[in-house]
Participant: 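A single structure is presented below for examination.
By convention in this document, chain letters (A, B, ...) are assigned in the order of the sequence lines, proteins followed by strands, and residues within each chain are numbered from 1. No hydrogens, no waters, no symmetry mates; every other heavy atom, side chains included, goes into these values.
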Amino acid sequence: MSGYEPKTIERKWQQVWAEEKTWEVANPGQPGFDPAKPKSYVLEMLPYPSGEPHVGHLKCYAVGDAIAHFRRRHGFEVIHPMGYDAFGLPAENNAIKTGEPPRAATERSIESFRRQFREWGISIDWSRELGTHTPEYYRWTQWIFLRLLERGLAYREEAPVQWCPKDATVLANEQVVDGRCERCGTPVEQRRLEQWFLRITEYADRLLADFDLLESWPEHVVTMQRNWIGRSEGAEVAFRCEELGLDFPVFTTRPDTLFGATFFVLAPEHPELERLVAGTPAEEAVREYVNRVARESVEERGDEGREKTGVPLGRSVVNPVNGEEIPMFVADYVLMEYGTGAIMAVPAHDTRDYEFARAFDLPVKRVIEGTDPEAARDEQGLPYPGDGAMTGSGRFDGRHNREAYEEIVAWLRSEGRGEVSVNYRLRDWLVSRQRYWGAPIPVVYCERCGEDGAPAIVPVPDDRLPVELPEIEDYAPQGRSPLAAAEGWVATECPRCGGPARRETDTMDTFVDSSWYFIRYLDPQNAGAAWDRAAADHWLPVDQYIGGVEHAILHLMYARFFTKALADLDTLSVQEPFANLFTQGMITRDGAKMSKSKGNTVSPGEYVARYGADTARTYICFMGPPERGGDWSDEGVEGVNRFLSRLWRLCGEVESREAAGLEAGAAEGQARELLAKAHWAIDKATRDFERGFQFNTAIAAVMELVNDAYRLKEGLYADPAGVAAVRFAAATAASLIFPFAPHLGAEVWERLEGGRVWENAWPVADPQLLRSDTVTLVVQVNGKLRDRIEAPAGAAEDELLALARASEKVQGHLDGKQVVKEIVVPGKLVNLVVR
RNA sequence: GCCGGAGUGGCGGAAUUGGCAUACGCGAUCGACUCAAAAUCGAUUGCCCUUACGGGCUUGUGGGUUCGAGUCCCACCUCCGGCACCA
């Protein structure tokens, strides 16, 4: 047999899988559907097709494919689809640069991804392939949008939004990182614009509560989402400005510190600011301050460490708990977007208020006893954010603040000055984008249907979907969507009154497209509905989701929100889309993140061409635990290639030798030793799979098996029973490596056992062969290893002790000393404690 | 600052319930095969002392619990990721 030539065998099996449509599965009611088989939905996050796939894609799909294969061979009907998240900015920016239309570049990239997925041998049900940029898909994205609109979950509103000047579009909060555009790194600006939002905040509590419904998600992902949602319980309390007869509500998590409020601060964007200072001496200074803040970037303003600034308003409000008049200020450390845009300042117990009080020489009034040695800054131990006995708080003095908390809120309530309140850090999801390459938002604006001069928002009826994306010439954004230039497309007729109307020219954030794709896979060709309910009910939820941790918040939270909203629309029966989540770590090169500018990228195509897909996939799974990152090493790839070649050669040797007459139970000597190793490897690999996808150690176990076969084979080749043992070892190795190296696994299995390895159940270790007659007894003196003795497996404690004491090496350490204690762990260890 | 995660040979990493630290792979050294090289096969490979036998030390640092700690507890150091003026 010739040497290991991955090209040949990989092509052979890829052809088999394509021709026989091996990985296609049927929906309930379709021919070939087996209701007796349990289902398993294994899904990797769909790729964004830009250029060629990179090594992160290879890792994601190699990991997912291993899981899919493992489940199939445990009797599950595994659905394992693939698609493309094809709308998005890079294709459009490329179009602006090169003139190549986004559709053409995207299709070209999809072709490349599709070809490489086949070359990698990923077991995909290709009959379910989809692209989010096709009218057949985005028709239903638009359909879902309309359902959300009907429910009031989609709305259009003028609000301060984050604007990226480079990409010339608004961004969702989640897409702004450290005050910069997530995509291009440009500092974002704040603008007031009318935009489309999805009411994700309505689901904040359910998004939090339903973490309980998940089977297994990485703890840190749950934590990140929890922090992002940022639920805070507290109270809303009204402070009254008597001069103007205005109530100013504030949100506070610390109503127990109300007695310590010594001043009051409004955000620069607060709507009542104008009224408060109009015609007063403070007017000029306040206006100047507000203008200055408005010019600052989001990044500058967000800096926590900066000096506190602000301007007094010359007005005051009354503290409802003690009737004290406290002065009002405007300051940029108060944010309009959170709470009510106004705060009561308690400098004694809040660091930020304390800093402001220091800068403006305002009184600091302690109302909670105690000091925090870490945080305290002055001789009184203030500010103190912790708990303790109340003081300076009238009838609450002496009470513990946490105990009095409820009572204070109840009292405010009875006085009509306050109410229990909950606030979230989470904002509604801004989904409109002033860009071309996305799904059009399916509404039109009709003057005739409108009122008070404002045009009416008229949804496009379902039967006129999709609203197709028109072909245009110029993709460059000019502060409005490039679609606005497509006059023939924009001008339309109102579906309600038939009069002239204009189309919405914004498109949807691509995260909308990817918030429901995992449902469309279940019924991808359905032209009459987004999906068939029975198909969705059968396959959902996704049993195992795999992807990069960079989507911990964005995609994973949006998809959870969509699932809940769709369940509320009575189109789904699950509340959570992804029962189990696995996040893979990033592969680096030379210790650094791969990037074209650094020139340290790894092209999967190159390695596949050189070593074969099996080697590339197995190497990636062998690098280390897949949830952790790892540094790519060319030598490591060679090592894995060596291992696969060794298995290949072993197969060739054993195939050409006569094998017969092996009774597993009766095997002796080296034959038994090798069989035992094979069963050990089965047991080890199976447990590693089940224990959180520890592929690196599972592969190591198969390596050990092949190494042992090499060590023992010369002796075993002497008789047919021995050859049979080696043959069993090689076939077992092929079976176990199949999830990582499917082509080689299939080929070796076919040669040695005949038939298709994937049609065989995952092997089960024979407990007879996992057991051994003798064990290695570890003998310690004072906890230090002194000898290893072969002992009978079932030996009693005194027997083991006698063996241990009989050891010469041990006796050398007992000399002249007294044994004060003997510890025996049967089957494992003896420890003699001497003095 | 707050919330996560991680520190083990020259390197990637293993150690499943508190019980043989360093599996497996890389790299390195030596040997076999070869005219030679590559490939392959085999041996050695944590550090220190020792010709050897053997001994001592070792899982970021310092303490503790235990017959026994990489694993549990306390304090600290370093690195990575997330959030960050959210009242």
Participant: Give each protein N/O atom lying under 3.5 Å from an N/O atom of nucleotides 48-50 of chain B, with the pair distance.
Facilitator:
none

Participant: Tell me which residues in residues 259-273 of chain A lie within less than 4.0 Å of RNA chain B, going by non-hydrogen atoms.
Facilitator: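 Within this stretch, nothing sits under 4.0 Å of the strand.
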Participant: Please identify each residue that fulfils ring-ring contact (aromatic ring centres under 6.0 Å, His included) with A/Phe356, with sequence neighbours left out.
Facilitator: A/Phe263, A/Phe329, A/Tyr333, A/Phe360
Participant: Base, sugar-phosphate, or nothing for A/Val334, non-hydrogen atoms under 4.0 angstrom?
Facilitator: base
Participant: List in chain and number order the residues that pass ring-ring contact (aromatic ring centres under 6.0 Å, His included) with A/Phe248, two or more places apart in sequence or in another chain; answer none if no residue qualifies.
Facilitator: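 Per chain and number, A/Phe248 pairs via ring-ring contact (aromatic ring centres under 6.0 Å, His included) with A/His270.
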Participant: Taking only residues two or more places apart in sequence or in another chain, which ones pass side-chain contact (heavy atoms from CB on, under 4.5 Å) with A/Val364?
Facilitator: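 In terms of side-chain contact (heavy atoms from CB on, under 4.5 Å), with neighbours along the sequence ignored, A/Val364 is linked to A/Pro347, A/Ala348, A/Tyr354, A/Ala357, A/Leu382.
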Participant: Both distances under 3.5 Å, Watson-Crick or G-U wobble: report the partner of B/C26, or none.
Facilitator: B/G10
Participant: For nucleotides 16-27 of chain B, list the nitrogen or oxygen atoms of the protein found under 3.5 Å from its nitrogen or oxygen atoms, one pair per line.
Facilitator:
| residue | atom | partner | partner atom | Å |
| --- | --- | --- | --- | --- |
| B/U16 | O2 | A/Arg687 | NH1 | 2.6 |
| B/U16 | N3 | A/Arg687 | NH1 | 2.7 |
| B/U16 | O4 | A/Lys684 | NZ | 3.1 |
| B/G19 | N2 | A/Gln780 | OE1 | 3.4 |
| B/C20 | O2 | A/Arg788 | NH1 | 2.0 |
| B/A23 | O2' | A/Glu704 | OE2 | 2.8 |
| B/G25 | OP1 | A/Asn707 | ND2 | 3.0 |
| B/C26 | OP1 | A/Arg642 | NE | 3.1 |
| B/C26 | OP1 | A/Arg642 | NH2 | 2.8 |

Participant: Passes side-chain hydrogen bond (donor to acceptor under 3.5 Å, both in side chains), A/Asn423 versus A/Ser232? Steps please.
Facilitator: CA-CA 5 Å; A/Asn423 258 269; A/Ser232 295; over 6 Å; no
Participant: Under the side-chain contact (heavy atoms from CB on, under 4.5 Å) test, which residues partner A/Ser772, sequence neighbours left out?
Facilitator: A/Thr774
Participant: For A/Gly339 and for A/Glu219, locate the closest nucleotide of RNA chain B by heavy-atom distance; then report the residue assigned to the nucleotide nearer the 5' terminus.
Facilitator: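 Comparing both residues, the 5'-ward one is A/Glu219.
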Participant: Among the nucleotides B/A87, B/C67, B/C83, which one has an atom lying closest to any side-chain atom of A/Trp228?
Facilitator: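 Nucleotide nearest to A/Trp228's side chain: B/C83.
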Participant: Starting at the 5' end of RNA chain B, which residue's closest nucleotide do you reach first, A/Lys784 or A/Gly230?
Facilitator: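 Counting from the 5' end, the first nearest nucleotide belongs to A/Lys784.
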Participant: For residues 218-226 of chain A, dump all side-chain donor-acceptor pairs below 3.5 Å to protein atoms at least two apart in sequence or in another chain.
Facilitator:
| residue | atom | partner | partner atom | Å |
| --- | --- | --- | --- | --- |
| A/Thr223 | OG1 | A/Glu219 | O | 2.9 |
| A/Gln225 | OE1 | A/Arg560 | NH1 | 2.8 |
| A/Gln225 | NE2 | A/Ala552 | O | 2.9 |

Participant: Base, sugar-phosphate alone, or nothing: which one does A/Ser645 contact when heavy atoms must sit under 4.0 Å apart?
Facilitator: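 If one applies the 4.0 Å heavy-atom cut-off, A/Ser645 turns out to touch nothing in the nucleic acid.
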Participant: By a strict heavy-atom criterion of less than 4.0 Å, which residues belonging to residues 419-427 of chain A are in contact with RNA chain B?
Facilitator: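 Of all residues in residues 419-427 of chain A, the ones placing a heavy atom under 4.0 Å from RNA chain B are A/Arg425, A/Arg427.
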Participant: Applying salt bridge (Lys or Arg N to Asp or Glu O under 4.0 Å) as the test, list every pair that has at least one member in residues 338-351 of chain A; sequence neighbours left out.
Facilitator: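 As it turns out, the salt bridge (Lys or Arg N to Asp or Glu O under 4.0 Å) pairs with a partner in residues 338-351 of chain A, which skip direct neighbours, are A/Asp350-A/Arg352.
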Participant: Between A/Lys713 and B/C41, is there a side-chain N or O to OP1/OP2 distance below 4.0 Å?
Facilitator: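 A/Lys713 to B/C41 OP1/OP2: no side-chain N or O under 4.0 Å.
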Participant: Could you work out, with side-chain contact (heavy atoms from CB on, under 4.5 Å) as the rule, every residue matching A/Thr309, not counting sequence neighbours?
Facilitator: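 side-chain contact (heavy atoms from CB on, under 4.5 Å) list for A/Thr309, sorted by chain: A/Tyr289, A/Arg292, A/Asp332.
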Participant: With sequence neighbours left out, what residues match A/Asn782 under side-chain contact (heavy atoms from CB on, under 4.5 Å)?
Facilitator: A/Val833, A/Val834
Participant: In terms of side-chain heavy atoms of A/Asn227, which of B/C41, B/C3, B/C85 is nearest?
Facilitator: B/C3
Participant: Counting just side-chain N and O atoms, does A/His813 come under 4.0 Å of either OP1 or OP2 of B/G55?
Facilitator: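 A/His813 to B/G55 OP1/OP2: side-chain N or O found under 4.0 Å.
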Participant: Checking A/Glu790 against A/Thr776: is there a side-chain donor and acceptor pair closer than 3.5 Å?
Facilitator: yes
Participant: Please determine, for the side chain of A/Arg786, which listed nucleotide (B/G13, B/G56, B/G54) has the closest atom?
Facilitator: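 Nearest to the side chain of A/Arg786 among the choices is B/G56.
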